[in-house]
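Scroll down for the structure; my scribbles are underneath it.
Each chain gets a letter, A, B and so on, in the order the sequences are listed, and its residues count up from 1.
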Number of protein chains: 2
Amino acid sequence: MRKDIHTDGIPVLCVSCEARHRGVCGALEPEQLVSLAKSSHKQQAQSGTELLGDAERIDTYANVLSGVVKLTKTLSDGRQQIVGLQFAPDFLGRPFKTESDLNAEAATDVSLCAFPKAAVERMMQASPELERRLYRQALDELDEARDWMVTLGRKTAAEKIASFLLMIARHIDPTDNPDGDAAAFDLPLTRADIADFLGLTIETVSRQLTRLRADKVISIENNRHIVVPSLSRLEARAGN
Amino acid sequence: MRKDIHTDGIPVLCVSCEARHRGVCGALEPEQLVSLAKSSHKQQAQSGTELLGDAERIDTYANVLSGVVKLTKTLSDGRQQIVGLQFAPDFLGRPFKTESDLNAEAATDVSLCAFPKAAVERMMQASPELERRLYRQALDELDEARDWMVTLGRKTAAEKIASFLLMIARHIDPTDNPDGDAAAFDLPLTRADIADFLGLTIETVSRQLTRLRADKVISIENNRHIVVPSLSRLEARAGN
DNA sequence: CGGAAAGTTGACGATCATCAAATTAAGTGG
DNA sequence: CCACTTAATTTGATGATCGTCAACTTTCCG
């Protein structure tokens, strides 16, 4: 009985899935993948779709396969803050809690691989390796959240915008030249989202972007597409 | 051979330790406690002591036994932000990373139970239950960080102060009447620390505290001791 | 082409930071 | 225990940054 080293026994669903390489599914053995894949399904959601409501019962987890999901919190009078952005292949979910205390919404069109909560939790029991990956991701998210607290609490509007653009560039620059100091990408967020992420207003976001453009640190095409000729020049404005 | 059900075989160091009840050590069997206790030691640090420097190699973890530890991040020009506060019996440390990217400093006099990093990691391998507790704490810290992001990004100075006082009251009100709407406590932070926590200046912190006192929402004795006659009245000012 | 949504720009004002000085608390050595 | 020093906090005056309100422009999509 011969075995193809890499893909034999791996569910079709998972063969080319990024989550199996850089995401949490990388922790699983082929037979565990098979078992999990049985109860999982791919799911598309278009920009703006609410994936999970505040105070809603959580019964599914998911991997982000493409697109960006925003996690938000809202005060009773409507003020909103984005408290997390999830890119592929992040794991979406909050183990050990039955109710969500935040909203998850598709910031762009997204595709997800959804699992029943119970299936993941069973798998976590069976695979310490999976739990460890989830733990690592939680720690990474905690690091990011803390970096963001500095931005929210101590940076100026101009620095916030520069920091935000840098973060996005690092996550989704398609031209991905590792040493190249240039970058270009489409913003996954509207001005309103950026404002909610940075604790600013739309107007301030717009003004600061205009200023960066006037100073030739970035150029903007069609509102959404950003070109950064020199990341180091942008970085100099992030105030770290 | 008789066994005292509760304390037999438990290291003296641990018998009355809070971390064994509500903290991560609760995950360990008596013999594991014994093994860990061998390499652990209690440690005192007075207010202001740096426990861990940014970019420093991490080689010890610790449980906070009493007092408050503040986690801070500093920008190159000196602006500072507190990104976490740890109370007893929190676990202090960042598994899976060899270098710290933040500072830990004793905000009050603290006592710690310190462990060599390697010992904890060995124990994590041996005890999924321990890893799970650490994971849970990381998730709790993430929840707190996200709540705080809303405060930093979207609340006014007045609301920030009220939110801060509420958080402290919940953590360290010694009079701990669960249904009682009143509370009293000593602030574990100086005005400067509170400012760094809330993304404000000392002056604004002072003015907002003065205003709360003028409005009889709190009273202040000796700068540090706060009495809150009605937590619900304070909560109404937190803007949630 | 036309209407709605998203983004930009401008004028003005409120909140909070900055600078400066006064007051209170906390140590320290005599 | 008290004078003296130093640190922490409060208070006041002023100004900059960013939010608010409003009008205008661009982009998107049927």
Expected output: side-chain S76(A) to main-chain N240(B) donor-acceptor under 3.5 Å = yes
Do you know the tightest heavy-atom contact between L65(B) and E18(B)?
-> O-OE1, 4.2 Å
NA contact type, I202(B), heavy-atom cut-off 4.0 Å: base, sugar-phosphate, or nothing?
-> nothing
Without swapping roles, check the side chain of D90(A) against the backbone of F87(A) for a donor-acceptor pair under 3.5 Å.
-> yes
Touch check for L200(B), heavy atoms < 4.0 angstrom, all strands: base, sugar-phosphate only, or nothing?
-> sugar-phosphate
Per the atom types in the model, does the base of dG10(C) pair as donor or acceptor with the side chain of R207(A) at under 3.5 Å?
-> yes
State whether R191(A) places a side-chain N or O below 4.0 Å from either non-bridging phosphate oxygen (OP1 or OP2) of dT8(C).
-> yes
Report yes or no: does Q43(A) contribute a side-chain atom to a donor-acceptor pair with the main-chain N or O of S111(A) at less than 3.5 Å?
-> no
According to the interplanar angle, ranging from 0 to 90°, do the rings of W148(A) and F197(A) count as parallel (below 30°), tilted (30 to 60°) or perpendicular (above 60°)?
-> tilted
Polar side-chain atom of R20(B) near backbone of V15(B) as donor-acceptor pair, under 3.5 Å | yes
Report yes if a side-chain nitrogen or oxygen of T201(B) is closer than 4.0 Å to either non-bridging phosphate oxygen (OP1 or OP2) of dC16(C); otherwise report no.
-> no
Please say whether more than 12 non-hydrogen atoms of neighbouring residues, nucleotides or ligands are located less than 6.0 Å from CD in E99(B).
-> yes
Would you mind classifying the nucleic acid contact of S206(B) as base, sugar-phosphate or nothing, using non-hydrogen atoms under 4.0 angstrom?
-> base
Find the distance D186(A):CG to dG7(C):P and express it as a whole number of Å.
-> 13 Å
To the nearest Å, give me how far apart CG (D196(B)) and P (dC16(C)) are.
-> 17 Å
Take E50(B) and N103(B), measure what side-chain hydrogen bond (donor to acceptor under 3.5 Å, both in side chains) needs, and give me the verdict at the end.
-> CA-CA 7 Å; E50(B) 178 172 293; N103(B) 275 75; 3.0 Å; yes
First and last nt of DNA chain D near chain B, cut-off under 4.0 Å to heavy atoms, 5' to 3', are dT9(D) to dA13(D)
Atom CD of E203(B) and atom C1' of dC16(C) are separated, to the nearest Å, by 10 Å
May I have the distance from L209(A) (atom CG) to dG7(C) (atom P), rounded to whole angstrom?
-> 10 Å
Just by distance, with hydrogens left out, do D181(A) and S230(A) show a side-chain donor and acceptor under 3.5 Å apart?
-> yes
5'-most contact on DNA chain C: R154(A) or I220(A), nearest heavy atom basis?
-> I220(A)
Starting from P on dA6(C), measure out to CG on D193(A) and report it in whole angstrom.
-> 10 Å
Return the 5'-most residue of the pair T210(B), A158(A) with respect to DNA chain D, ranking by each residue's nearest nucleotide.
-> T210(B)
Angle between terminal axes - the helix from dC1(C)-dG30(D) to dG30(C)-dC1(D), 5 pairs each end, rounded to 10° | 50°
Could you give the CD1-to-P distance, from I161(B) to dC16(C), as a whole number of Å?
-> 10 Å
May I have the distance from Q208(B) (atom CD) to dC16(C) (atom P), rounded to whole angstrom?
-> 7 Å
Side-chain (R57(B)) to main-chain (S100(B)) donor-acceptor, under 3.5 angstrom | no
